[in-house]
Structures are given as C-alpha cells and as structure tokens.
Amino acid sequence: MLGGISWQSIADDDGVNMGFRTSVRDIADRKRMEQQIRNYNENMEQLVQERTARLMELEERQAKVERLAALGQLAAGVAHEINNPLAGLRNAIELVRDSLPAGFADADLLGMVQSEIDRIGGIVRQLYQLHRPQPVSDRCVDLTNVTLQTIQLLSAACRRHRVTIQVQGNERQPVLARLPDGELKQVLYNILLNAVQASPEGGQIDVMIAARDREVVIGVTDHGMGIPADILRKIFDPFFTTKHGTLETGMGLGLSVSQSLVQALGGHIEVHSVVGRRTTFTVTLPRGWVASDGAISLPESACDAGNGKGEL
Ligand code: ADP
C-alpha cells in the first residue's frame, strides 16, 4: 500500500485545541495515474518532436524537388534555344565541307568543328532530359541484353582504366520488362561509367539483374573510393561534380539525368557506399512503365514468358 496521511486539528467550542484528527488513505491509484499522465506527456513531447522533424524533412525534400524541377525547366529551355542555331551551324558546316575543293588544306579543321558541334549536341540532349521526359516507347526488352549492349559501349573506357565489368549469375537468362530501352541504356551507361571512373586499376565491377513480381532491379557495385556522406547528399543535383581537374572532367549531369529518367518511368535509384571500399547503385523499375495518367502498364504474359531475344 502507498499511504497518504492528512490531519486536522480539533478544537472545542471555546477554541481550545483538543488534538488532531488523522486519516490514512491508499494513494497508490492516484500516484499510478500521475505517473501515467507524466509518461503520456513525455510521449506526446517526443511524438511532437518526431513529427516536427519529419515535417521539416518533407518540406526540405519538397523544396529540393521544386528547385530541381525549376532548374530542369530552365536547362531544357536553354537547351531548346541552343539547339536551333546548332542545327543551323551543323548544316552550314556540312555545305561548306561539301563545296571545298578536293585536297583543301584545312579540311581537318572543319572536321574538328563538326565533332565539337556534335559534342555540344550531346550536352544539349542531356540538358533536355533534365526536364522529366515522358518515355516514348514501351517495347518489351530484355534487361540482360540491354545491359550487355551498354557494357559493350563502355569497352574503350574499361580498357583505358583496366577495369572489367562482370554480370552476376546466368548472363544468358533474359529478364523481360516493358520499358523503353533507349532510356534504360542511358541510365545504365551513366552509372556504369561513374563506376568505371571510380574503380582502381585492375578492379572489377559487379552487375546484378533481377526480376521480382512487378519490379526489375539492376545493381552496379564498384570497389572504388566510395562516396563520403557530405558528397552523397549532392550527387543527384544537376551540375554537381567532383571531377574537376581530373583526366575525366564531368558535367555533373549523368546522375541527375538518370534520376529524372528513372523517376519518369515510375522507379527510383538508391545508393549505398562504404568509403574506401565500394559503392552500389541500385535502380528499381516497375516491369511496365507509368503512363501519364499514373497507370502502370504491366508486361503481358507473352512478355513474362520470355523468348530469350528480348523483343516481341
Ligand atoms: P559526373 O560524372 O559528370 O561528375 P554524375 O552526375 O554522373 O556527374 O556524378 C556526380 C558525382 O557523383 C561524381 O562527380 C562523383 O563525385 C559522384 N559519383 C557518382 N558515382 C560514383 C561512384 N561510383 N563512386 C564514387 N563517386 C561517384
């Protein structure tokens, strides 16, 4: 029993003190309730703190999404403005080139101008894609095939860095999905190129491709320098790059473009990095792409069955 004692003095009619009246009560219930109220208040405070932190995080994320969308829109607008005169330049140079007399001494210079125009064209295309493009096709593709083709595109870079790319598991096993292969190739190319550039000489990059019920997952792990936390926060920002003054200068667009493309397809990219040891980029996509009304067009049974060729 938890006791509570109270007393009152007793006086006679003349006001002479006659002693005290005491009473003893069991106050365990009251103490329990007080403790419950204290606990409840503490929980409430913790809950409010957690909710406030979550709200701030969501607001921050929303502000970032809006900032990136505005930046993407701006970039796409600039790209549009650059694209038109660029097309004119490309045509003009071709006409000049065609009209040159055979053996013209400075023909090489024109070739150089042409290839630089193509390079600007490539950058402009990337800028365009920052603005959440809608996928243009939804053919049934084999991700294993698409991955192998992309690895092929990187063979020169792999040779230069003395790096190998290994697809884990059964290379011939088709993983079919209804996704646009052009976009897929570009995303994989950007992630794999970063992995090649981050790898030590003689390093191996592991690629994992898997299909779940409604999703496909592609993981790329390099055993390079990893990404410190302060950099990790920024790697998807347009124009963020740490490749200044290195052999491989970067524009800082590869990951932001990849993220735009993957999000437009209804998927997401996750990064897990252990500094000094390895980095894994995981791309998760629905097996069908998301239409403008938000519906996911899942692969038909024919697509699921797989014929090993990747296209139906
Ligand atoms: P860029 O390659 O032109 O720098 P990206 O948007 O592709 O642009 O990448 C942004 C930055 O993310 C890189 O500059 C690099 O710091 C970091 N990064 C991306 N992938 C990796 C990786 N696999 N290992 C280490 N750092 C990486």
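Read the numbers this way: they start at 1 and go in the same order the structure lists the ligands and their atoms. Hydrogens, waters and symmetry mates play no part in the numbers below; they use all other heavy atoms, side chains included.
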Query raised in the report: For the side chain of His223 and the backbone of Gln204, is there at least one donor-acceptor N/O pair under 3.5 Å apart?
Result: yes
Query - Top protein contact for atom 2 (O) of ligand 1, by heavy-atom distance - result: Lys243 NZ, 2.6 Å
Query raised in the report: Looking at atom 24 (N) of ligand 1, what's its closest protein heavy atom, distance included?
Result: Ala198 CB, 3.3 Å
Report task. Could you tell me whether Glu116 atom CD has more than 12 heavy atoms of other residues or ligands within 6.0 Å of it? Result -> yes
**Report entry** Those atoms of ligand 1 less than 4.0 Å from some heavy atom in Leu255
**Finding:** 5 (P), 6 (O), 7 (O), 9 (O), 12 (O), 19 (C)
Query - Atoms of ligand 1 close to Phe240 [distance to a heavy atom under 4.0 angstrom, numbered from 1] - result: 10 (C)
Requested in this report: Determine whether the side chain, the backbone, both or neither of Phe236 has a heavy atom under 4.0 Å from any heavy atom of ligand 1.
Outcome: neither
Query raised in the report: Using heavy atoms and a threshold below 4.0 Å, how should the contact between Asp222 and ligand 1 be classified: side chain, backbone, both, or neither?
Result: side chain
Query - Side chain, backbone, both or neither: Thr241 near ligand 1, heavy atoms under 4.0 Å - result: both
Report task. Look only at the side chain of Ser273 and the backbone of Val275, and say whether a donor-acceptor pair between them is shorter than 3.5 Å. Result -> no
Report summary line: If you scan protein heavy atoms around atom 27 (C) of ligand 1, the nearest is Ile227 CD1, 3.6 Å
Query raised in the report: Just by modelled atom types, is the Thr144 backbone N or O under 3.5 Å from a matching donor or acceptor in the Asp142 side chain?
Result: yes
Query raised in the report: Are any side-chain N or O atoms of Asp12 and backbone N or O atoms of Gly15, one a donor and one an acceptor, separated by less than 3.5 Å?
Result: yes
Requested in this report: Report yes or no: do Val146 and Met208 belong to one cluster of Ile/Leu/Val/Met/Phe/Trp/Tyr joined by side chain heavy-atom distances under 4.5 Å?
Outcome: no
**Report entry** Close side-chain approach of Ile165 to Asp206, heavy-atom, < 4.5 Å
**Finding:** no
Query raised in the report: Do any N/O atoms on Asn194 end up under 3.5 angstrom from N/O atoms on ligand 1?
Result: yes
Query raised in the report: Are a donor atom and an acceptor atom from the side chains of Gln35 and Asn39 found within less than 3.5 Å of each other?
Result: yes
Query raised in the report: Strictly under 4.0 Å, does any heavy atom of Gly252 approach an atom of ligand 1?
Result: yes
Query raised in the report: Which residue holds the protein heavy atom closest to atom 14 (O) of ligand 1, what is that atom called, and what is the gap in Å?
Result: Thr242 N, 2.9 Å
Query raised in the report: Which of the atoms of ligand 1 are close to Ile235, meaning less than 4.0 Å from one of its heavy atoms?
Result: 6 (O), 10 (C), 12 (O), 17 (C)
Query raised in the report: Just distances here: any N/O of Ser256 and N/O of ligand 1 closer than 3.5 Å?
Result: no
Report task. Would you mind reporting whether Ile218 and Thr282 have side-chain heavy atoms less than 4.5 Å apart? Result -> no
